[in-house]
Amino acid sequence: MTDLFVADRAAWLRAELHRYAEAYYTHDAPVVPDAEYDRLFRELQSIEATHPELRTLDSPTQRVGGSALKELQPVRHQVAMLSIETETDTTAGGAEAFDARVRRKLELAEDAPPIEYAAELKFDGLAVNLRYEDGVLVQAATRGDGEVGEDVTHNARTIRDIPLRLRDDKLPIPRVLEVRGEIYMRRDDFERLNERQRERGEKTFINPRNTAAGALRQLDPAISAQRPLSFFAYGSGEILDWNFAPQTHAEFVQALADLGLPVCEHHSVAQGAGGLVEFHEYIAALRDQLPFDIDGVVYKVNSLALQRQLGFRNREPHWAVAHKYPAQEEITELLDIEVQVGRTGAITPVARLKPVFVGGVTVTNATLHNEDELRRKDVRIGDWVIVRRAGDVIPEIVAAVAERRSGSERQFVMPTQCPVCGSHVVREEGEAIARCSGGLACRAQRVQALIHFAGRRMMDIDGLGDRYIESLVDFGYVESPADLYRLKLEDLLEMKQRADARDGVTPETVLNGKIATKWAENLITAIANSRRPPLARLLFALGIRHVGEATAKMLAEYLGSLANVRSAPRAVFAALPDIGQVVAEALFDFFDEKNNERVIDALLEAGVAPADEHPPAAKLAPRLATSELLAHAGIPKLTEIRAKQLAAQVDSLGKLLALTPLERNALDLPAEVLGELNTWLQHEQNSAALHALDAWCTQILASVPQSDESASARFAGKTFVLTGTLPTLSRDAATALIEANGGKVSGSVSKKTHYVLAGSEAGSKLDKARDLGVTIIDEAGLLALLEAPAQA
DNA sequence: TAGCCTCGAGATCC
DNA sequence: CTCGAGGCTA
């Protein structure tokens, strides 16, 4: 054979195999016998073996083959993979609540026409992102934490539902198209697989979902290829240069089908809450006949423009919701109720159950949340209880079966002392949660704090599991997070040996000794690699009371550096969005506390440093306006309005502090307010705090980027009201843009409104703006205002 | 000041 | 996932 001939033959084989595979898998109508397919397939394989240069990425042979990997590689998603909010009400009310939320967010009138929704199934599988470049599958990744997933391209290629190449006969192919969908296992495939496992005397799998998850994360694609996985597409990630612009979600899904991607046939466009309820009921009736498991249905606002307008909250879109079906329930015995101590000392009662198989897994524990909850349900030790998996995930005790009581059941008593450290358990007035007062002196709290620190969404130290952390603390190798960075290989090996000995794990063989060394080396590397986290993750990892992921992100964005966060006065925290007195106090106290200072300094010394520090955001400046600071400084009686009034007269904290008591009395403020202000300022610590606040702000404001600062003044003091749909900006984006430039966005039009930013389908706010004679601008007008030279 | 909306915290199972 | 509580808004 000449090389030219071979190349032609390979191309022809590839095309034929693609055609057959598509006929078989997508249209379920084989055009050639399996034997013929196999024969052509093997021919192509052998050509590629002798002519590796002819092997293409989209060759059908690439579905199987390739060698086992050492570990899955992390992949950063170009567009974050969000999760979907679950509507808790499994009745029709759930759909109605979602529709009502959407209408409220869009500020629709009562009698406005119904919203159009795309309704789909919620598959019980794993979300993946498939990346096609110029129509060729180049990468498949799991969701991971939403930001970074794992590369499972080698396994995805073995899934026949997943086209290696998009078809271009109906629609143009984008340069880049990321398709999101679900990898799952059909019920019959699962049964057949288990059948085969049984025949071979190998272990059977528990449920399709976990089997699919396990298969997808196999390192060796040959194993994955033997697990029958399927795929449905339903969403998008990054899309670049596509000569086609869908206007609705339904159109987009149709486009996916036109490109040759498998799309589930059970989907529908529904009108309003009524349409959603209808779909929910229709699928409920169909559920048992489906060839795969679902755990509910998903509703999405159909119009992509409305989706943009609705925007996102922390990790979930506002325009989609999952609506599940009532969970399956089982009955079992409650053997005991134990308590656990959390990171903040919270004492939580947990039910130990006689193992029961419910909703696809064996449940042995279930949380009882707190004492009140436990009393409300009147659950006693020894009771027969009804158990379900809430939202098909979290085990939950629904109720006790009172009729089955024998009389020997015991009431649970909340301990008065911490079961771990013996400190007093206190339950604050009006709080539902009892807490161990031991603080970090309590071993449980130290362990939990470290587990939190190392967690995936915090410092993300891979391989440092809960059990090892516990042992590290128990044997005294680690006290605080900084100690992790000082661990040596020998420490880890020694710790493991002691832990194994204590837990009665069989003694290590020579071979195992080697594996342990490898394990320890990996762990040391993982710890070292975690030293340059984004600032937000580091702040979250510190475990400050009331500071979770969202608040940490906000702090990082506004303040920019760890030093700025550490040094910020209480009033500054309180002036930031979503932070009130309670959280501001918690933040300030945390950084003020000596022990925490030491921990942070030790971390810095160990080489831990945020990788993304930057100057404070321009939008910080308006938050540090004198009126804002005064309103949050904790001066009694000084309400927001009074603070503004005062700020207008003194215009800086420094000026206020420089006033003599006599001059202060001349200020135009109600006597009562003035009196409180004077008394407050007489306390030296208060005036000192105000001085410090002034100094801090002056210094920080000087470091806000110059260009941004001039821009930030652009909308200073201007109030905007948004209405309708803007052509390109989402509501959130427009708000962010205005705020970044020092403006304020308010909800309703009044005399004080400077601009009404109106898009299409603007509502009553536009009329009101006309009535009041407020300037009305559109998106282009807003952008023009930003670009125009600063006005007087 | 009440009522909504979000966020934080804790727990489960593989 | 669920609950409680903090923050914002009307």
Side-chain angles (χ1 to χ4, degrees), chain A residues 83-90 97 100-101 104-105 126 205-217 295 312-316 318 322 324 327 338-353 355-374 376-377 387-398 427-428 430-435 444-445 448-449 451-452 455 457 465-466 540 543-554 573-587 632 640 745-748 750:
Chain A
S83 48
I84 255 184
E85 184 193 355
T86 306
E87 183 56 59
T88 47
D89 182 350
T90 55
R101 267 203 313 275
R104 196 164 49 235
K105 273 245 174 262
L126 293 101
F205 298 99
I206 308 276
N207 62 43
R209 203 206 96 89
N210 289 343
T211 314
L216 192 65
R217 297 192 69 257
D295 46 21
F312 298 86
R313 64 178 196 199
N314 191 19
R315 302 178 76 87
E316 296 159 345
H318 275 131
K324 301 200 171 181
E338 290 173 12
V339 296
Q340 284 181 19
V341 185
R343 158 166 76 87
T344 61
I347 309 256
T348 314
V350 176
R352 304 287 171 213
L353 304 167
V356 57
F357 194 73
V358 48
V361 297
T362 307
V363 168
T364 50
N365 303 304
T367 176
L368 289 161
H369 295 114
N370 58 57
E371 204 176 352
D372 292 350
E373 176 81 6
L374 195 151
R376 214 175 303 143
K377 288 184 175 162
V387 177
R388 71 168 171 212
R389 295 218 297 152
D392 277 338
V393 180
I394 309 285
E396 173 191 47
I397 290 185
V398 182
R427 186 170 159 187
E428 296 284 338
E431 290 233 331
I433 293 169
R435 293 198 143 83
Q445 293 192 47
Q448 293 300 322
I451 290 175
H452 174 80
R457 277 148 68 198
D466 300 5
F540 185 25
I544 305 162
R545 256 314 239 335
H546 300 120
V547 177
E549 209 172 10
T551 308
K553 261 188 199 159
M554 184 278 300
F573 287 129
L576 295 175
D578 306 321
I579 292 192
Q581 289 304 319
V582 176
V583 182
E585 186 89 11
L587 273 160
H632 294 109
E640 217 162 293
V745 174
S746 141
S748 52
S750 73

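Residue numbers start from 1 in every chain, and the chains themselves are labelled A, B, ... in the order their sequence lines are given, proteins ahead of strands. Atom set for the values below is all heavy atoms of this structure, side chains included, hydrogens, waters and symmetry mates excluded. Model, not experiment: these values are computed from the prediction.
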Query raised in the report: Do the side-chain N or O atoms of A/R209 get closer than 4.0 angstrom to the phosphate oxygens (OP1, OP2) of B/dC14?
Result: no
Query - A/I397 CD1 to C/dT2 P, straight-line distance once rounded to whole Å - result: 15 Å
Query - Partner residues of A/E585 under the salt bridge (Lys or Arg N to Asp or Glu O under 4.0 Å) criterion, sequence neighbours left out - result: A/R570
Requested in this report: Describe the nucleic acid contact of A/I433 in one word from base, sugar-phosphate, nothing, applying a heavy-atom distance below 4.0 Å.
Outcome: nothing
Report task. With sequence neighbours excluded, tell me which residues meet side-chain hydrogen bond (donor to acceptor under 3.5 Å, both in side chains) with A/D578. Result -> none
Query raised in the report: Checking all strands, does A/Q448 fall into the base, sugar-phosphate, or nothing category for heavy-atom contacts under 4.0 angstrom?
Result: nothing
Query raised in the report: Looking at A/K553, does any N or O in its side chain come under 4.0 Å of the phosphate oxygens OP1/OP2 on B/dG8?
Result: no
Report task. Send over the distance from A/L576 CG to C/dG7 P, rounded to a whole Å. Result -> 12 Å
Report task. Please state whether the phosphate of B/dC13, meaning OP1 or OP2, lies under 4.0 angstrom from any side-chain nitrogen or oxygen of A/T364. Result -> yes
Query raised in the report: Are A/F540 and A/H452 close enough that their ring centres sit under 6.0 Å apart?
Result: yes
Query raised in the report: Does the distance from a Lys or Arg side-chain N to an Asp or Glu carboxylate O, for A/E373 and A/K377, drop under 4.0 Å?
Result: yes
Query raised in the report: How would you label the contact of A/R217 with the nucleic acid (heavy atoms, under 4.0 Å): base, sugar-phosphate, or nothing?
Result: nothing
